[in-house]
Amino acid sequence: MAKEITLREENYSQWYLDIVKKAGLSDNSAVRGCMVIKPYGYAIWEKMQAQLDKMFKETGHVNAYFPLFVPKSLFEAEEKNAEGFAKECAIVTHYRLKNDPDNPGKLMVDPNAKLEEELIVRPTSEAIIWNTYRDWIQSYRDLPLLINQWANVVRWEMRTRPFLRTAEFLWQEGHTAHATKEEAIQEAKIIHEIYARFAEDFMAMPVIKGSKSENERFAGADDTFTIEALMQDGKALQAGTSHFLGQNFAKAFEVKYLTSENKEEYVWATSWGVSTRLIGGLIMTHSDDEGLVLPPKLAPIQVVIVPIPKPEPEIMLVADRINDELKAKGISVKIDSDEKNRPGFKFAEYEMKGIPVRVGIGKRDLENGVVEIARRDTKEKTQVSLDTVSQYIEKLLDDIQENLFQRALAYRTAATTNVDSMEQLLEVLDTKGGFCLAHWDGTSETEEKIKELTKATIRCIPDESILEEGKCILTGKPSKQRVIFARAY
RNA sequence: CGGGGCGUAGCGCAGCCCGGUUAGCGUACCUGGUUUGGGACCAGGUGGUCGCAGGUUCGAAUCCUGCCGCCCCGACCA
């Protein structure tokens, strides 16, 4: 059966769609722009959730849940934020259907059931949350308020791609309130750091930490911190943002507290989020022309055991033993005892699904006291003695995790270029793509103009960069550090 | 919103231009058998409102009109 994947070099975007479909991550749905996340794709999301949730809780955050709908009057309270999202909002205007007298068996919107005030389906929850925080916060003793929610949001996108951009998506959004500006900035940076650590240590996806330029900043934020990853096709992916919101929402929603000196002050705020988009990033960081490649720490199944040629008792006995040993080490294992498909089919199938380690057990192996271990990242196969197999796999999973990160890092390093002129920027973008480090005069107008000319935007102003005197590649005005330009998803 | 493409079995497609038996192929699925160390083979079988509505015709998947939906490229995208 031909489960062919389009080659990356042939058509990267088709390759991506093939992986998503053939690895069983998602399906199109009857709703334009909305996808069905299938069990295997959702399992990856659950792994991400579990880890992030742990990291949030370790830093003092708690989960809560706020409504899907936001009354229009609340939504528009913080003007910049409202403006930023206005063009992509879904709006609920009615609350009832009725039988259509002109079309038997069909329903119509009941014109008598018009809402007095329209409800916006949340594109993000600042408005409804800050309206609630007003009631929750009275004194400095109520601060800081550190809340996260796992939720779905809707942004009516013109053009969608599975995971990377869909009309509805799943994410977490943290919303915190603080007594001081410094503490709020600190909070945004703590989360920024958590996101970077999650991306690198769990997704094995190298990221550059930085700040957004004014143009790219979250609407309603004073400062946006971002982690930016580089995909295999040379395009950048914004993978997680953490915003310092100043007192913008506190003022819009009148959220004040009394200090210990009995003075009334507005609180300081942050918000931060990562979404199912990370799954898109995961795919485009590691996968190859044979299918998905998953880092062990996020693989729903880390090891699959395939009996060769079929699950006969003596083989299953060994399979069960290895399974028990691995489970005792906290490693997730699947024994494929299905008799319908042959081993070759299973090999291809599990490669498509990106399972990090495959164990093949055949009679010939058992006679020699070994099993065959294949790693997904390099496709290498080794014979490993039965006595040491579980220790071997435990270490192999760590090796794969590390190798994936190093491989992605090496690619990013190779795809990062210092550019010193507009001509060079365009040339690099059109040939190898990637991150282009260039001097910029710091103005929105210049960024806008460069975007017009090259379709590249400033992905971030890196946190860790060497200060270096230079001249803006467009205007020639002085600049103190290079920023990252790239074409982005 | 512009430009292009597509809608026929779960999936992928042919048939349409030039109307005519019972709508076909691959794959998947079911049954039986032979196989089995990298996507097995043979035989038999199940499965279809041909996107929807209307029109032309003795007769429409095929021609005409209208509608709906999806995909791709672009514009847009904290």
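- If you check every strand for non-hydrogen atoms under 4.0 Å, Lys212(A) touches nothing.
- Residue-level contact check: Tyr16(A) touches neither bases nor backbone, having no heavy atom under 4.0 Å from any strand.
- The phosphate of rG37(B) (OP1 or OP2) has a side-chain N or O of Arg342(A) nearer than 4.0 angstrom.
- Between Lys455(A) and rA75(B), a side-chain N or O to OP1/OP2 separation shorter than 4.0 Å is present.
- Note: CZ (Arg277(A)) to C1' (rC77(B)) measures 9 Å, nearest angstrom.
- No engagement by Gln14(A) is indicated, since no non-hydrogen atom pair under 4.0 Å with the nucleic acid exists.
- Across all their heavy atoms, Phe435(A) and Glu228(A) have their closest contact at CZ-O, 4.0 Å.
- Heavy atoms of Arg161(A) sit nowhere under 4.0 angstrom from any nucleic acid atom.
- Of all heavy-atom pairs spanning Tyr195(A) and Gly273(A), the tightest one is OH-N, 3.0 Å.
- Judged by atom type and distance alone, Asp365(A) reaches the base of rG37(B) through a side-chain donor-acceptor pair under 3.5 Å.
- A gap of 15 Å separates the C1' atoms of rG7(B) and rG15(B), to the nearest Å.
- The separation of rU46(B) from rG4(B), taken at their C1' atoms, amounts to 39 Å, rounded to a whole angstrom.
- The side chain of Arg165(A) has rC77(B) as its nearest neighbour among rC77(B), rG38(B), rG39(B).
- Within a 6.0 Å sphere centred on CD of Glu312(A), heavy atoms belonging to other residues, nucleotides or ligands number more than 12.
- Residue contacts for Gly84(A): at a heavy-atom cut-off of 4.0 Å it reaches no nucleic acid atom on any strand shown.
- Rounded to a whole Å, the CH2 atom of Trp15(A) is 16 Å from the P atom of rC72(B).
- On the P atoms, rA23(B) is 13 Å away from rU49(B), given to the nearest whole Å.
- In this model, the phosphate group of rG37(B) is not approached by any side-chain N or O of Arg364(A) to a distance below 4.0 Å at OP1 or OP2.
- The local environment of NZ in Lys189(A) is sparse, with at most 12 non-hydrogen atoms from other residues, nucleotides or ligands closer than 6.0 Å.
- Within the 4.0 angstrom heavy-atom criterion, only backbone atoms of the sugar-phosphate kind lie near Leu17(A); the bases stay farther away.
- The distance from atom CZ of Arg358(A) to atom C1' of rG37(B) is 10 Å, rounded to the nearest whole Å.
- Closest to the side chain of Glu88(A), out of rG12(B), rC77(B), rG38(B), is rC77(B).
- No more than 12 heavy-atom neighbours from other residues, nucleotides or ligands sit within 6.0 angstrom of CH2 on Trp156(A).
- Residue-to-nucleotide contacts include a donor-acceptor pair under 3.5 Å from the side chain of Lys381(A) to the base of rG38(B).
- Atom C1' of nucleotide rC76(B) and atom CG of Asn215(A) are separated by 15 Å, given to the nearest angstrom.
- Sequence order on RNA chain B of the closest nucleotides to Lys363(A) and Ala219(A) puts Lys363(A) first from the 5' end.
- Residues Phe66(A) and Trp130(A) place their aromatic rings such that the two centres sit no closer than 6.0 Å.
- The residue Glu312(A) sits apart from the nucleic acid: no heavy atom pair falls under 4.0 Å.
- Comparing the C1' positions of rU36(B) and rC16(B) gives an interatomic distance of 45 Å, to the nearest angstrom.
- Distance from the side chain of Glu351(A) is smallest to rG38(B) among rA75(B), rG38(B), rU36(B).
- Heavy-atom nearest nucleotides on RNA chain B were determined for Lys340(A) and for Gln238(A), and the one closer to the 5' end corresponds to Lys340(A).
- Counting to the nearest Å, the C1' atom of rC77(B) and the CD atom of Glu216(A) are 10 Å from each other.
- In this structure, NZ of Lys235(A) is placed 14 Å from P of rC77(B), rounded to the nearest angstrom.
- Counting only heavy atoms from C-beta on, Lys87(A) has its side chain closest to rC77(B) among rC77(B), rG39(B), rG38(B).
- Taking atom CZ of residue Phe345(A) and atom P of nucleotide rC41(B), one finds them 13 Å apart after rounding to whole Å.
- You won't find any donor-acceptor pair under 3.5 Å spanning the side chain of Arg32(A) and the base of rC70(B), going by distance alone.
- Rounded to whole Å, the distance from NZ on Lys38(A) to C1' on rC11(B) is 11 Å.
- One C1' atom belongs to rC50(B), the other to rC63(B), and the distance between them is 16 Å to the nearest Å.
- A gap of 9 Å separates the P atoms of rC17(B) and rU62(B), to the nearest Å.
- Residues Ala151(A) and Arg122(A) share a closest heavy-atom pair of CB-NH2, 3.5 Å.
- Taking the side chain of Met158(A) as heavy atoms from C-beta on, and the options rC77(B), rU36(B), rC76(B), the nearest nucleotide is rC76(B).
- Other residues, nucleotides and ligands place more than 12 heavy atoms under 6.0 Å from the CD atom of Glu254(A).
- Residue-level contact check: Thr124(A) touches neither bases nor backbone, having no heavy atom under 4.0 Å from any strand.
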